[in-house]
Every structure is written in C-alpha cells, then in structure tokens.
> 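Once you've had a glance at the structure underneath, I'll fire off some questions.
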2 protein chains.
Amino acid sequence: MDVQRLELLRELADRGSVTAVALATHRTPSAVSQQLKVLEREAGLPLTQRQGRGLVLTDAGRALARSATDVAVSLAKATALWDEFRNLATGEVSLVTFPTAGQMLLPGVIKHLRPGLVLNCADEDPELSDFPAFTAEYDIVLAHSMSGQLSWAGRGLKVVPLMTEPLDVGLPVGHPLEDRAWVRPSDLIGETWIGVTDGYPFERILHAIEQEAGARLSMSQRFADLALIESFVIAGLGIALVPRYTSGGGQPGRLVLKPLRGIESERQIVALMRPDRAERLAVRTVIEALQSEAARVQQSHTAH
Amino acid sequence: MDVQRLELLRELADRGSVTAVALATHRTPSAVSQQLKVLEREAGLPLTQRQGRGLVLTDAGRALARSATDVAVSLAKATALWDEFRNLATGEVSLVTFPTAGQMLLPGVIKHLRPGLVLNCADEDPELSDFPAFTAEYDIVLAHSMSGQLSWAGRGLKVVPLMTEPLDVGLPVGHPLEDRAWVRPSDLIGETWIGVTDGYPFERILHAIEQEAGARLSMSQRFADLALIESFVIAGLGIALVPRYTSGGGQPGRLVLKPLRGIESERQIVALMRPDRAERLAVRTVIEALQSEAARVQQSHTAH
DNA sequence: ATGAACTGTTTAGGCTAACTACATGGACGT
DNA sequence: ACGTCCATGTAGTTAGCCTAAACAGTTCAT
C-alpha cells in the first residue's frame, strides 16, 4: 500500500537487479532488499524469486509493478498540476538521442528553452544499445524506426512522434542520375552501395529496393557513422541511403540527394518516455519544444 | 509529492474542517495542521485560507485535492489487484441506506456474502441529511432520486444504479378505484392525500400529478415514515404514493396498489461512493451483490 | 462586554520506521 | 578452490510524524 515501496518494485521491474535499483535511487542494496521484503509481507504472496545470484519478479510481482506505474502517473500528474499553478516549468530534464536527430533538433530546442529549465543531453549509438531501455535512465529518449515498425510496442512506454524524415538516395556530383528529379528502384540496379551496419533501419529499405528492383544490391562497405558514409559517396565510391534533413552536414553542396519513388523510404523520429516522467511539466515543455522544432526543420526543407 | 499529505488535503476538501479530518484519520488536529503546512511549503503557494474560525481551501488547494483523488483511485486499484491475486475479497465494508432500500435489499445481500467479508450497515433519514456527504463516512451510500434527477452530480462521486422502483398509488380496501388495473392523474382529483415531508422525492411527483390533472391536491398529513403513511391509508384517511416493492411491510393485504399512468412515477435507487473506495475489491463485491439482489427483487415482482 | 466554547496553530519531546555500515551466505567464473 | 558478484541479514543511527499541552483567534450567550 505504500507508494515508495511500490515505486521500488517498479524500478526492479525496469532495471532487473536490486543493486541497480539501489544505485538509481541513491540507497544501499540492503535498504532496497528490506523494503521489498516488507512489501512482500504486506502483499501476502511472493513477489520476487531468486534466480542464480540475481532476483526476478514473479507474475504477481510484475502485475503489481504495472499498477505501480499507474500510481506513479497520477502522482506525476498531481505534481505537474501544481507546477502549472506556480507557472514554473523548471528543473532538469535528461535526454539521450542518436547522433543525427540530436544534430538536427537539439541546438534549436535548447536555444528556445526558458531559463531555469535545464536540458541535459547525451548521445548513444542506436545500433549498439537497446534504446527503449534508456527510458529507465533518461527522461526522454529520441529514437527512430521505419514507418509503422514499432519495436518498442508493448513495453508500456509513451511514444510521441516528432517527425517523418525521407530517406533519399545520395549521389556524388557528376553521377549519371544527377539531373533526375527523382529515382526509382529499377534505376538503381548495378550501383555500388555504401551500406550501414546490421540492425540499422536503413537496412530494411535496402532490402525492399532489392525486392522491388528484382536484383541483389552490391554492398561494398558497412559503416555506422553518416559523415563517413557521405565522404565515401562524395569520393565516388558508391551511393547510399541518407536522411534528407541531416545529410550534408560535413561537406555541403558536394552531395546530391534524389527522392526515391515507388517505395516508402522514410524513418520516423519519435520520443520515448516512461509514462510517469511524460507527465512532468518540465518534460512536457521540452517535448513541445521538440515538436515545434521538428516542424520548423521539416517546413524549412519543403519550402525551398 | 507525498501521498499521505495529499490524502489529508482531499479529506479536508470532503469534510471541511481540520478537526473532522483528524477525527476521521485517527490523528490529533495538530498532526493534520502540521502536515498541511508542510504540503503548503512544498507546493510554494497557499492551499488553505482561514475563514472565521474554520479553514477553507483556495482554488489551488481544491485543484490539488481533485488530483489527489486520482492518486487515491490508482492506489486503490493497485491494492485491489493484489487482493484479486490472493483471491480474498475480505475486510469490512460500511454502508448507509435510507430505510426502505435497506429493508428491501440488505437481508438478501448479507445472506449471500462470503464469510470474511463483513458488511456494517446503518440507516439514516434521507430527509434530514445530505446523503452524498455520507460518502466521506461510509464506503457505500444507498440513495434514491427521481429518474434523471441527479442531485449529486458534479461532486466527483461514483454512481452505480441499482434498480428503478415504480411509485404506485396506495388505496384502502373498498376504495372506488379498487377494481381498476391502473389509474391516471385525472382519476385522482378530489382525493385526500397523505403526503410526505418536504424535500422527499415523492413531493415532485405529486406536483407533477397536480399539473397533469389541472387541479390542486389536498394534502391532509405530512409524514416521513412509510409504515405510518400506510396505516393512515388503510384506515381510510386518504391515499398516498408508495414505492411498489417496499410497501405493505406492516399490514400485508390491506393496502391496494395501483400503477400510475400518464406520468413517470418511479424512483431510482443508486449506490454512491467515493471513487477510490469504489475500487476496493471488497466494496466491488458488495456492489455486485447489491446489483444481483436488486435484479432478483425486481424480477420476483414482475413475475407474479 | 466578558467569558465559555469552539476553531486551528505552535512548541517540545517521544517513538516508529527507514536508512547506513558491516557481516554473512549462495552462485558463477576462472 | 578461490575471488567476485549478488542479495540478505543484524545493529545502530537518524529523520520524520505523532501526541500532549499551551496558545491564539472567532463566535455566541449570558
């Protein structure tokens, strides 16, 4: 019945170990263990279970942790309400992003944030890490996915779409397709591709192009960093799929972008949050800033 | 941010005085005052305000109290969830009713309740008291209203309809209308009525009859107790509006009931609850028992 | 007008409960 | 078999909430 203890159970569900919960909540593991034991005694049935040297939740424990989320959400709504009364969207908000989204959105967002609201940002490689898991650590997680492809569904996370960014074909200056307004999958047969490492969303679109064009693509390189890929394209070593709004950051004007038709080629950029954190006034303010900045970026590209 | 303190604020909104909150929560007024002060300091703005020798909430305080209800609801849902896991709808549930509903429903409900679930009942005169206010004191409040006429709307209470009971015209044996299957308002001109005291829901229907029949009704007596009214009708001193399912408890067979047509003559019997209490498993179980008992009563009357 | 009875508030002090520090006992990897 | 990494006991400390009693403002009656 005690909220603090329920919160502890929820943290355990999110983080998976007593030590991790203790670290995150600035307590000793002993304190966490004791409180969980009290909760279990109150509940009258086992909520956790030893597994090896670790601790996992039972079914009952998981169910209780889920309802603990609802409690946390309504509590966060209450504090947000009185923050609104004081008209203070103040405090610290933490955020992780994958590099290109951060480059595109964050400078503009931070510039327009009211003083008193501090946004702490970090970047992570989306390929190496389980992005949804970062919601335990950060208030806001910027992630990307193919349209409709929601790998983080069913985890009880709040998903806010920020923008849809087209993925164009990047060509070097002087390429035969340079003067075309747009290209189709069949135009791309025989080209050499600069690809990305496995697991990246671009991967799926390349497969779709193969299927549509009816031919295997030859993939000469596999990189994770966009600027590196672009430098290869500019050097004439191949062509690549690049996000329209974030490409050309390194060497402007020397890369030619062609929209891809006949296939849906875009990625969705979304913000992921734990539902309770999403209710905080400061967090909501940052999300709104992200949305308007995303709209601004998108509009500035469609304009010219 | 502390739930206990928010709860205290909500109790203050419900009960209106620090002393009443202290009494209800088994604390001294001093403790309540201190906690409210802490909450106010945390909030950073005044939540309460002195008025005379009492204390009233500010707008901010009321808003915060409302969101405190949401917190209480989700917390109650969590405890109900783990009660379901243990499969124990156990504990005590308190209930107030107006006399006739209690007589009609409670014996059957209590008989079918599982052992371990204790239902503590009390009755109150609906005329003397503000029934919705009892939700602060009791888990379940059985109240009645005319159809559509919801005097407790907008208080944030949970309303569960239990049954619709027709209000018939009660006649003495030997009355000229005795052999009619039903009566209309115009049939009732010139009759002497045994009325109920002001504020009773019957009152409105009597006014509606007057309007429909186009004549003033003569009201010879005004009583609150149904058995008393019936004894006057049986003695031939007048006719009265009586609830169909609960009449005739005192002297069976000597009162004749006639359905009233041409006018909507019924009362709704509902259960009122504070939304958080409505989530408790034990409370939900009692509500379900009340609903099925109400259905049983209603069916047994329509059958023969 | 003045005291009695009612409000809510202040202060001081005790007690419960959650924490830290340290020690213990399994489970895994080498 | 040893060290390491977990989670969990045990003892002592501390912080926070409560009671008790005195205090202060408002209302009402005499």
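Residue numbering restarts at 1 for every chain, and letters A, B, ... go by the order of the sequence lines. A quick note: this is a predicted structure, and the numbers were derived from the prediction, not measured. Quick note: numbers below take in every heavy atom, side chains included, and nothing from hydrogens, waters or symmetry partners.
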> Closest-nucleotide mapping onto DNA chain C: is Thr19(B) or Val32(A) further toward the 5' terminus? I mean the 5' end.
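That would be Thr19(B).
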> Should Arg53(A) be listed as having a side-chain N or O under 4.0 Å from OP1 or OP2 of dA7(D)?
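Checking dA7(D) against Arg53(A), no side-chain N or O comes under 4.0 Å of OP1 or OP2.
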> Check whether any side-chain N or O of Lys37(B) sits under 4.0 Å from OP1 or OP2 of dG8(C), and answer yes or no.
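Looking at the OP1 and OP2 atoms of dG8(C), neither is under 4.0 Å from any side-chain N or O of Lys37(B).
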> Which whole-number value in Å describes the distance from Leu36(B) CG to dC18(D) P?
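For the pair Leu36(B) CG and dC18(D) P, the rounded distance is 11 Å.
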> Would you find more than 12 non-hydrogen atoms of other residues, nucleotides or ligands less than 6.0 Å from Glu42(A) atom CD?
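Count over threshold, so yes.
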> Classify the side chain of Ser30(A) versus the base of dG9(D) as yes if they form a donor-acceptor pair under 3.5 Å and no if they do not.
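Counting by modelled atom types and ignoring angles, a donor-acceptor contact under 3.5 Å is found here.
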> Among dT20(C), dC17(D), dT7(C), which nucleotide sits nearest the side chain of Thr28(A)?
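Nearest nucleotide to the side chain: dT20(C).
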> Quickly work out the His26(B) NE2 to dT16(C) C1' distance and round it to whole Å.
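Distance check: His26(B) NE2 to dT16(C) C1' gives 19 Å.
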> Can you tell me the distance, in whole Å, between the CG atom of Leu8(A) and the P atom of dA17(C)?
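Between P of dA17(C) and CG of Leu8(A): 18 Å.
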> Using a 6.0 Å cut-off, check whether atom CD of Glu40(A) has over 12 heavy atoms from anything other than its own residue.
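Buried by this count: over 12 neighbours within 6.0 Å.
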> How many Å lie between CD on Glu42(B) and P on dG16(D), as a whole number?
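Answer to the nearest Å: 11 Å.
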> Check every atom of dG8(C), dT8(D), dA18(C) against the side chain of Arg5(A) and return the nucleotide holding the closest atom.
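From the listed options, dA18(C) comes nearest.
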> Write down the distance between CG (Leu6(A)) and P (dA18(C)), rounded to a whole number of angstrom.
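Rounding to the nearest Å, CG of Leu6(A) and P of dA18(C) are 13 Å apart.
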> Taking the nucleotide of DNA chain C with the nearest heavy atom to each, does Ala31(A) or Gly54(B) sit closer to the 5' end?
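It is Gly54(B) whose nearest nucleotide is closer to the 5' end.
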> Just the rounded figure in Å: distance from C1' of dA17(C) to CZ of Arg41(A).
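Atom CZ in Arg41(A) sits about 12 Å away from atom C1' in dA17(C).
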> State which residue, out of Arg10(A), Lys77(A), Lys158(A), fulfils the salt bridge (charged side-chain N to carboxylate O under 4.0 Å, His left out) condition with Asp276(A).
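The single option meeting the salt bridge (charged side-chain N to carboxylate O under 4.0 Å, His left out) with Asp276(A) is Arg10(A).
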> Tell me the interatomic distance from Gln51(B), atom CD, to dT7(C), atom P, rounded to whole angstroms.
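Atom-to-atom, Gln51(B) to dT7(C), this comes out as 15 Å.
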> Gln4(A) near the nucleic acid: base, sugar-phosphate alone, or nothing, with a heavy-atom cut-off under 4.0 Å?
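Contact class for Gln4(A): none.
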> Please report the distance, rounded to the nearest Å, between CD in Gln34(A) and C1' in dT13(D).
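Going from CD in Gln34(A) over to C1' in dT13(D) covers 13 Å.
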> Answer whether the closest heavy-atom distance between the side chains of Ser33(A) and Leu55(A) falls below 4.5 Å.
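Contact flag for Ser33(A)/Leu55(A) side chains = no.
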> Count the heavy atoms belonging to other residues, nucleotides or ligands that lie under 6.0 Å from CD of Gln4(B), then report whether that count exceeds 12.
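Counting neighbours around CD of Gln4(B), 12 or fewer heavy atoms of other residues, nucleotides or ligands fall under 6.0 Å, so no.
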